K.L.:
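What follows is a structure written as structure tokens; I'll ask about it next.
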2 protein chains.
Amino acid sequence: MSTDENLTHFLPLYAQVKQHLIQRIVDQVWAPGSALPSEYKLGVELGVSQGTVRKALDEMAAEKLVVRKQGRGTFVSEHTHEQELFHFFRLVDQHDQQYVPTSQVLSLEHSESTEYESKALGLAEGSLITRISRLRLLNGRPAIVETISVPRDLISDFPDRSAMPNSLYRFYQQSHGISVLRAVERIKVVLANDNEADLLGIARDVPLLEVERVAESIDGRLVELRVSRLVTDECRYRVELT
Amino acid sequence: MSTDENLTHFLPLYAQVKQHLIQRIVDQVWAPGSALPSEYKLGVELGVSQGTVRKALDEMAAEKLVVRKQGRGTFVSEHTHEQELFHFFRLVDQHDQQYVPTSQVLSLEHSESTEYESKALGLAEGSLITRISRLRLLNGRPAIVETISVPRDLISDFPDRSAMPNSLYRFYQQSHGISVLRAVERIKVVLANDNEADLLGIARDVPLLEVERVAESIDGRLVELRVSRLVTDECRYRVELT
DNA sequence: GAGTGGTCTAGACCACAAT
DNA sequence: TTGTGGTCTAGACCACTCT
């Protein structure tokens, strides 16, 4: 990695180092949870100073691509129950306490994508997808009906209904090396249909909060469309703007 | 700023520098929009190296407390129309385009705080507040009814209804040196009351999205409670999780 | 040309974790 | 004791802005 390369790409050295390191994580040269070489070794290998490697790794740590532990090393991020819970699950009770949801799989089907799914996931219409429906409970009470659509060419071997893990992002990562690091959610109000009313123990046409989430993997692929519909009698969707 | 201070507080030098600089921004030694001294000058003044000042300023830039401009200097952040729009206003249309809302002040009253307001803003019940109601239009169509509650001891001189600026955060900053940098929003579903139905041109009991926002200033004071109720026929509340 | 932030380097020492 | 990341410094050079 020479300075000439810098002049060619008009990109600072540390940014080139960062891209290089990200590519190696994407390529699973270093798997989630494993340690990267030390800053000094990476510097020697890439022909830059330790300080330049440090700046690349600091930015990657800020983006949660890696976790740095003093005295131990730098590790590729992995999805833990805690992380997923506190990072992607935004429902809190009236005292701002996060819920620990449980899940009950209602159905798992293979199908062709609808127009809506295709558009959201950037697929050709009629692509093969897997569609999972879940009922989620907060404090043991049915509160969320959720439909998850995943392209079959990304994940083709979901476990049986009975063995489906509560934390899907961890499953994607551990079984397929797909790390969800980013998501966009769009929220609106809808009315419960008969099925949702039945599952949630409410009347038809009761208004629900709909959260539509598109999840993106570390290399930019759209992994999942998740539409959650929930009763906000007791819970709130919480966002911090900073 | 000696190293001994570091040993006393068990805080890295750059973090002490950062706290010091933040305090000077809070105290309006450097007003929003004005330039800080150069890294080198600050280093000399505080008795640390330029690199240590740089690390402090880099973190402050990441937190949007300051803006750094190559070749020009480092400036205290100020609320611009653009910033406020793209940072705090999360409503988009069906093509993910942000709206540019307009506002119409419905009422401005001075009052004692309700239990709800007191709790949200951390006030003693019955504290003096100013309460503003606005109707906000998206693409010229009424879409949001908003009630804003502000402690009178923070802002006591709101302009008349007719002169009320569309961008309140800019007003807080320019007139009172109060910079809103952080907010927490909680979202739920509610039903339109008669007044809301009337203003929004919908029927009573149509479900609305309610966004409750508590805004916090740079020094941690709770500046504003804002409850917005909106029709999500066409718009969506958009969040990026990263 | 002078002044600013941005990048890159090299080296010293500290704090922490494992052996 | 060894190896890791964390902090701090000093100095060089680059890129940008203004006058």
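Each chain gets a letter, A, B and so on, in the order the sequences are listed, and its residues count up from 1. From a predicted model like this one, the values you see are computed outputs, not experimental measurements.
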K.L.:
Return whichever of A:L57 or B:Q50 has its heavy-atom-nearest nucleotide of DNA chain D closer to the 5' end.
P.N.:
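It is A:L57, whose closest nucleotide lies nearer the 5' terminus.
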K.L.:
To the nearest angstrom, how far is A:L11 atom CG from D:dA15 atom P?
P.N.:
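A:L11 atom CG is separated from D:dA15 atom P by 13 Å.
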K.L.:
Where the side chain of A:Y14 is concerned, which of D:dG5, D:dC8, C:dT7 is the nearest nucleotide?
P.N.:
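Minimum distance to the A:Y14 side chain belongs to C:dT7.
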K.L.:
Between atom CG in A:L42 and atom P in D:dT4, what is the gap in whole Å?
P.N.:
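The answer, rounded to whole Å, is 10 Å.
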K.L.:
Taking only N and O in the side chain of B:R54, is any of them less than 4.0 Å away from OP1 or OP2 of C:dG5?
P.N.:
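Indeed not, no polar side-chain atom of B:R54 lies that close.
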K.L.:
Rounded off to whole Å, could you give me the CD-to-C1' distance for the B:Q70 and D:dC14 pair?
P.N.:
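The answer, rounded to whole Å, is 8 Å.
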K.L.:
Measure from CG on A:L46 to P on C:dC8 and round the result to the nearest Å.
P.N.:
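Distance check: A:L46 CG to C:dC8 P gives 13 Å.
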K.L.:
Ignoring hydrogens and angles, state whether a donor on the side chain of B:Y237 or B:E185 is under 3.5 Å from an acceptor on the partner side chain.
P.N.:
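Looking only at side-chain atoms, B:E185 and B:Y237 do form a donor-acceptor pair, the distance falling under 3.5 Å.
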K.L.:
Would you say B:R182 and A:T242 are linked by a side-chain donor-acceptor pair, where the criterion is simply a distance under 3.5 Å?
P.N.:
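There is no such pair (donor and acceptor under 3.5 Å, judged by atom type) between the side chains of A:T242 and B:R182.
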K.L.:
Whole angstroms only, please: what is the OH-P distance between A:Y40 and D:dT4?
P.N.:
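About 11 Å, once rounded to whole Å.
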K.L.:
Distance check needed: C:dT7 C1' versus B:D58 CG, whole Å only.
P.N.:
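It is 11 Å, rounded to the nearest whole Å.
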K.L.:
Figure out the CE/P separation between B:M60 and C:dG5, and round it to whole Å.
P.N.:
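To the nearest whole Å, that distance equals 13 Å.
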K.L.:
May I ask you to check whether B:S162 and B:D160 show a side-chain donor-acceptor distance below 3.5 Å?
P.N.:
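No donor-acceptor contact under 3.5 Å links the two side chains.
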K.L.:
Return the nearest nucleotide to the side chain of B:E39; candidates are C:dG6, D:dC8, D:dT9.
P.N.:
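When the side chain of B:E39 is considered, C:dG6 is the closest of C:dG6, D:dC8, D:dT9.
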K.L.:
For B:F75, does the six-membered ring have the charged nitrogen or CZ of B:K69 within the cation-pi criterion, i.e. under 6.0 angstrom from the centroid and within 45° of the normal?
P.N.:
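Geometry flag: set, cation within 6.0 Å and 45°.
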K.L.:
Nearest of C:dG6, D:dT7, C:dT4 to any side-chain atom of B:S38?
P.N.:
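The listed nucleotide nearest to B:S38's side chain is C:dT4.
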K.L.:
Given D:dT7, is OP1 or OP2 found less than 4.0 Å from the side-chain N or O atoms of B:T52?
P.N.:
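No, B:T52 has no side-chain N/O under 4.0 Å of OP1/OP2 on D:dT7.
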K.L.:
Identify which nucleotide among D:dC16, D:dG5, D:dT9 has an atom closest to any side-chain atom of B:S49, counting heavy atoms from C-beta outward.
P.N.:
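It is D:dT9.
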K.L.:
Any side-chain N or O of A:T74 below 4.0 angstrom from OP1/OP2 of D:dG5?
P.N.:
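For D:dG5, OP1/OP2 do have a side-chain N/O of A:T74 under 4.0 Å.
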K.L.:
Of B:R238, B:R90, B:R236, which meets salt bridge (charged side-chain N to carboxylate O under 4.0 Å, His left out) against B:D96?
P.N.:
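Testing each of B:R238, B:R90, B:R236 against B:D96, the sole residue satisfying salt bridge (charged side-chain N to carboxylate O under 4.0 Å, His left out) is B:R238.
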K.L.:
Do any side-chain nitrogens or oxygens of B:R72 fall under 4.0 Å of OP1 or OP2 in C:dG3?
P.N.:
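False: B:R72 side-chain N/O out of range (4.0 Å or more) of C:dG3 OP1/OP2.
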K.L.:
Would you mind telling me which residue lines up with the more 5' stretch of DNA chain C, A:G71 or B:G71, judged by nearest nucleotide?
P.N.:
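The residue mapped nearer the 5' terminus is B:G71.
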K.L.:
Is the shortest side-chain N/O distance from A:K41 to OP1 or OP2 of D:dT4 below 4.0 Å?
P.N.:
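A:K41 to D:dT4 OP1/OP2: side-chain N or O found under 4.0 Å.
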K.L.:
Under 4.0 Å between a side-chain N/O of B:K55 and OP1 or OP2 of D:dT7, yes or no?
P.N.:
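True: B:K55 side-chain N/O within range (under 4.0 Å) of D:dT7 OP1/OP2.
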